[in-house]
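Residue numbers begin at 1 in each chain, while the letters A, B, ... track the order of the sequences.
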2 protein chains.
Amino acid sequence: MKNRLKILRAERDWTQADLAMYLDVSRQTINAIEKNKYDPSLPLAFKAARLFALNIEDIFQDDETINKN
Amino acid sequence: MKNRLKILRAERDWTQADLAMYLDVSRQTINAIEKNKYDPSLPLAFKAARLFALNIEDIFQDDETINKN
DNA sequence: ATATAATGTAAAACAAACTTGACAAAACCC
DNA sequence: GGGTTTTGTCAAGTTTGTTTTACATTATAT
């Protein structure tokens, strides 16, 4: 599972700690997800989608899902 | 977190066991998710989305997410 | 160069997701 | 009705996600 959190953060000039605060998780959780140590829970993915006003699929990309673009 | 698994199953005349098999999880997992005992993992949500050819948001709906329709 | 901020990482603990096995209740045929 | 399939549920166990604390490394700014 890939994700665009680092890019989305960079676009807003947010630190991992900032994003963690907005999503009500620990900074280590953000770091672990960005470094692909584990996948977020579905509720957390929804929260991120809401925060960035994007679809979950636009933030997180399943490796099995073949991308048509 | 609500979900439309039961409806999507019904449309295809699948049992919980059928869906479990297609998603490589136990029948109890499908039952628990349908009965809102817990949320699926993000990978499982992606797998369901692929199976039904829908977006995750069209299958699972966060309670916090205000629906605009 | 040194201070500060940001990121990476690790261990221990706990919570949430998922498994297997088993059985009861409900729905569906004949 | 009785048999069969489907659904609901429970307990015990494993795995995955998350927290806290702590410290090391890297980047940024004087």
message = What contact category does B/S26 fall into here, base, sugar-phosphate, or nothing, at under 4.0 angstrom with non-hydrogen atoms?
response = base

query = Just by distance, do the side chain of A/E57 and the backbone of B/N55 share a donor-acceptor pair under 3.5 Å?
reply = no

request  = Under the salt bridge (charged side-chain N to carboxylate O under 4.0 Å, His left out) rule, collect the residues that match up with B/R4, sequence neighbours excluded.
outcome  = none

Between the protein and nucleotides 9-15 of chain D, which nitrogen or oxygen pairs are less than 3.5 angstrom apart?
none

inquiry  = Once rounded to the nearest 0.5 Å, what's the spacing between atom CD1 of B/I33 and atom NZ of B/K6?
reply    = 15.0 Å

remark   = In short, the helix from C/dA1-D/dT30 to C/dC30-D/dG1 is bent end to end, axes from five pairs each side, to 10°, by 50°

ask   = What distance do B/L51 atom CG and B/L44 atom CG have between them, rounded to the nearest 0.5 Å?
value = 10.5 Å

inquiry  = Going by side chain to side chain contact (heavy atoms under 4.5 Å, CB included), name the residues that satisfy it together with A/N31, two or more places apart in sequence or in a different chain.
reply    = A/Q16, A/K35

A/L23 CG to D/dT18 C1', straight-line distance once rounded to whole Å = 13 Å

key: Nearest-0.5 Å distance that lies between atom CG in B/L8 and atom CH2 in B/W14   = 9.0 Å

ask   = First and last nucleotide of DNA chain C touching chain A, 5' to 3', heavy-atom cut-off 4.0 Å?
value = C/dA6 to C/dA10

Determine all donor-acceptor pairs shorter than 3.5 Å in which one atom belongs to a side chain in residues 17-27 of chain B; sequence neighbours excluded.
from, atom 1, to, atom 2, distance (Å)
B/D18, OD2, B/T15, N, 3.0
B/D18, OD2, B/T15, OG1, 3.3
B/D24, OD2, B/K47, NZ, 3.0
B/S26, OG, B/T29, N, 3.2
B/S26, OG, B/T29, OG1, 3.0

task = Any chance you could measure A/R50, atom CZ, to A/L54, atom CG, to the nearest 0.5 Å?
result = 13.5 Å

task = Calculate the interatomic distance between B/E34 atom CD and D/dT7 atom P; express it in whole Å.
result = 8 Å

query = Is it the case that more than 12 heavy atoms not belonging to A/D13 sit under 6.0 Å from its CG atom?
reply = no

task = Give B/T29 one of three labels, base, sugar-phosphate or nothing, depending on what nucleic acid heavy atoms sit under 4.0 Å from its own.
result = base

task = Could you tell me which residues satisfy ring pair (Phe, Tyr, Trp, His ring centres under 6.0 Å) with A/Y38, sequence neighbours excluded, listed by chain and number?
result = none

task = Could you check if a side-chain atom of B/F60 sits within less than 4.5 angstrom of a side-chain atom of A/I56, using non-hydrogen atoms only?
result = no

Sorted by number, the residues of residues 6-22 of chain B with heavy-atom contact under 4.0 Å to DNA chain C = none

inquiry  = Among residues at least two apart in sequence or on other chains, which ones pass side chain to side chain contact (heavy atoms under 4.5 Å, CB included) with B/D39?
reply    = A/P43, B/M1

message = Nearest 0.5 Å, please: how far is CD1 in B/I30 from CG in B/N3?
response = 9.0 Å

